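First up is the structure itself, then whatever we jot down about it.
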Amino acid sequence: MIERLLVANRGEIARRIFATCRAMGVQTVAVHSDADADAPFVAEADQAVRLPGNTPAETYLRVDLILDAARRTGADAVHPGYGFLAENAEFAAAVTDAGLTWVGPPAKVIAAMGDKLAAKALLAEAGVPMLPSWTDPDKITDFPVLVKASAGGGGRGMRIVRTADELAEAVASARREAAAAFGDGTVFIERYVERGRHVEVQIFGDTHGRVVALGDRECSIQRRHQKIVEEAPAVVPERVRTALHEAAVAAGRAVDYLGAGTVEFLLAPGGEFFFLEMNTRLQVEHPVTELCTGLDLVGLQLLVAEGEPLPADLPGSTGHAIEVRLCAEDAAAGWRPDTGTLHRFSVGAVATEFGGLVGPGLRLDSGVVAGSVVGVHYDSMLAKLVAWGRTRAEATRLLAGALARAELHGVTTNRDLLVRVLRSPAFAAVEIDTGFLDRHPEVFDPLLPTDQVPLTALAAALAGAAHRRATAPVLSGLPSGWRNVPAVPQVTRLVLSDGHEIEIRYRLDRTGRLADWGSTAPGSDAAGSASPPTVALVQATADRVVLDVDGVRRGYRVHRVGSAVFVDGPDGAASLTELPRLPLPTTEVGAGSLLAPLPGAVTRVHVQVGQRVTAGDPLLTLEAMKLEHPVLAPIDGVVAELPVPTGGQVQAGAVLAVIDSSPAPADLEPSNPEEDPR
């Protein structure tokens, strides 16, 4: 029996496993980096051990430190979670050699499936259908193809290549990203299937020789080859489902599989499917399977690790579950990961966290709480929100509504994209595949319509005035904006999250009613007013504003942190910054300067000082939060400065490059001497 379990992972992964341990009476041990010292998973563990440092290489990837932590705390078992060392055969062997119980498949199975090229060859002999693949780029004649990392998954090191001219750079880039993510830059190339769907099967094996399939999942909605929406069961014909399950079980039996695993397939439009990879761990998306089967998959992992057989009568799948991955990402900045303090994290109507949902409702698996700091060292995922309904439509509506109403303040997230996907007619019609986002650019539109931004900004301005009036040391009883000359409006200037400035002008009469108002259009330099709707002020407090807009009452929830103002309204949310009326002088950044959007390392510099570039040309590559982020020239010009060399570390806001947009001397000469105006 496992008495004390060390979880060699962090965030929502560790919290998820701890939840099952508490239910089973198993004591828990956390390991944590310095950056995670105050994280929720550390506080929830019975014991916690510091791993000095911040980066994964310094902490969560250090086998020696983790085994030492197990020894110091008296842990008798190790669960790797589903990241970092979860699919590291050497770690699994080291845990076993130390006399500890390893919660996962044996090291030999991990090694066999961890080398994706070897895994394809092994499972092809077991009759599992395969796509053609290559290791030598020179042997490829048919395109498109997909470059993939051999040692890992999660979309890291994956590139679609449609022409031969793109292949060399795609392979080089994939190798760099794979090496950074997995410590192994080996890649291979597969035929790319257009309009393919990503469908996977949850398998489980025990020490008594039994391997079973516990349902399937649809994971086709992806961005950068990383899943963002998953559901169970996959919407496929029953004959296809049966064949998928049989192929997955055959793959498990071929390697004497033990514990939880996932066999991933690519489903072609005609129903033909091909093996992609076997993940020798629990998947991030396992909650949708748990909600449809009623099983605790982590609990099954622990029982199997203790030598218990799988239950004789495993339940089938009922209803439909959908999960979204909520990530800290900034759409306005090219979907780069975002960092900062999560001032508010509130998702209403959540029935349970980390499991135990019975009947229609919402489950939240989160690695953060209000006050958590989102840093640059780890993955950008904040939480998973999961809905179960009797039908797919019921689960979709429940999940989209809860997500749209959630209060997520302090970091920019992909919430709007997720809601747009869930509410898309194409998603409702199951017209989905791995290229869904490419074909539906409309889902990238923010939830808050442009014509509603002025009303949202007005609510922020009125709440700000109410806050100042409530906290005023004297004269707090006077109406807001009281003046001897009441015709003069109050003016509030705010900056939207996309950098555009909006100015709100409003005037209250002596009874506190809104007499008139107006605004500049977002992004407009003109002071002219757009034609505003007729608005009456119903209520204005520091945290709530109610407006009557053309006879329709609309409520806005307002949360202020310093000069930052977060507004959640009926049409969507906005993050604004209120500008001071009398700003202090600040140091200006030189014209043409490109600033680092977040801390990271410069892995490649593509240009030289003095080189002429065109807007959109790659200048350098910044690596942060496990991903490569290209830095592109915003304008035509000449590279004037490159202050950071390859390998250099930068903080957010550091100057990465300076582009001089002045015309070249040749550009100043007339093209035809006879037309010289002199």
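Just so you know, these numbers come straight off a predicted model, no measurement behind them.
Distance SG/Cys327 to CG/Leu418: 7.5 Å, rounded to 0.5 Å. Atoms CD and CZ, on Gln222 and Arg325 in that order, are 9.0 Å from each other to the nearest 0.5 Å. Between the CG atom of Asp543 and the CZ atom of Phe566 there is a distance of 14.5 Å, given to the nearest 0.5 Å. Phe444 CZ to Asp416 CG: the interatomic distance, rounded to the nearest 0.5 Å, is 12.0 Å.
The main-chain N or O of Glu503 is never found under 3.5 Å from a side-chain atom of Ser519 such that the two would form a donor-acceptor pair. Counting only distance, with no hydrogens or angles, the side chain of Asp338 and the backbone of Val411 share no donor-acceptor pair below 3.5 Å. Between the Trp517 side chain and the Pro533 main chain, a donor and an acceptor come within less than 3.5 Å of each other. Between the Asn9 side chain and the Gly83 main chain, a donor and an acceptor come within less than 3.5 Å of each other. A side-chain donor-acceptor contact under 3.5 Å links Ser366 to the backbone of Val368. For Arg553 (side chain) and Val546 (main-chain N/O), no donor-acceptor pair under 3.5 Å exists by modelled atom type.
In Arg397, the CZ atom is not crowded: 12 or fewer heavy atoms of neighbouring residues, nucleotides or ligands sit closer than 6.0 Å. Annotation: Arg390, atom CZ; neighbour count of heavy atoms from other residues, nucleotides and ligands within 6.0 Å does not exceed 12. When the shell of 6.0 Å around CZ of Arg22 is examined, it contains more than 12 heavy atoms from other residues, nucleotides or ligands. Atom CG of Asp445 has more than 12 neighbouring heavy atoms from other residues, nucleotides or ligands inside a 6.0 Å radius. No more than 12 heavy atoms of other residues, nucleotides or ligands shown are found within 6.0 angstrom of CZ on Arg513.
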Inset, instruction - Show the numbers, then the answer: is there a side-chain contact (heavy atoms from CB on, under 4.5 Å) between Arg15 and Asp365? - result: CA-CA 8 Å; Arg15 296 186 78 194; Asp365 286 17; over 6 Å; no
Inset, instruction - Could you give me the CA-CA distance, side-chain angles and deciding distance for Glu329 and Leu417, then say whether side-chain contact (heavy atoms from CB on, under 4.5 Å) is met? - result: CA-CA 11 Å; Glu329 296 178 321; Leu417 169 63; 5.8 Å; no
Inset, instruction - Tell me, with the steps shown, if Asp568 and His409 meet side-chain hydrogen bond (donor to acceptor under 3.5 Å, both in side chains). - result: CA-CA 10 Å; Asp568 295 278; His409 302 166; 2.6 Å; yes
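For the pair Arg420 and Phe427, the cation-pi criterion (under 6.0 Å, within 45° of the ring axis) is not fulfilled.
Side-chain N/O atoms of Arg16 and Thr20 include a donor and acceptor closer than 3.5 Å.
Electrostatic pairing of Arg560 and Glu578 counts as a salt bridge here, judged by a charged N lying under 4.0 Å from a carboxylate O.
Closest heavy-atom contact between Ala633 and Thr614: CB-O, 3.7 Å.
Evaluated for a side-chain hydrogen bond (donor to acceptor under 3.5 Å, both in side chains) with Arg363, the options Glu323, Glu353, Glu290 yield exactly one hit, Glu290.
Centroid-to-centroid, the aromatic rings of His286 and Tyr82 come within less than 6.0 Å.
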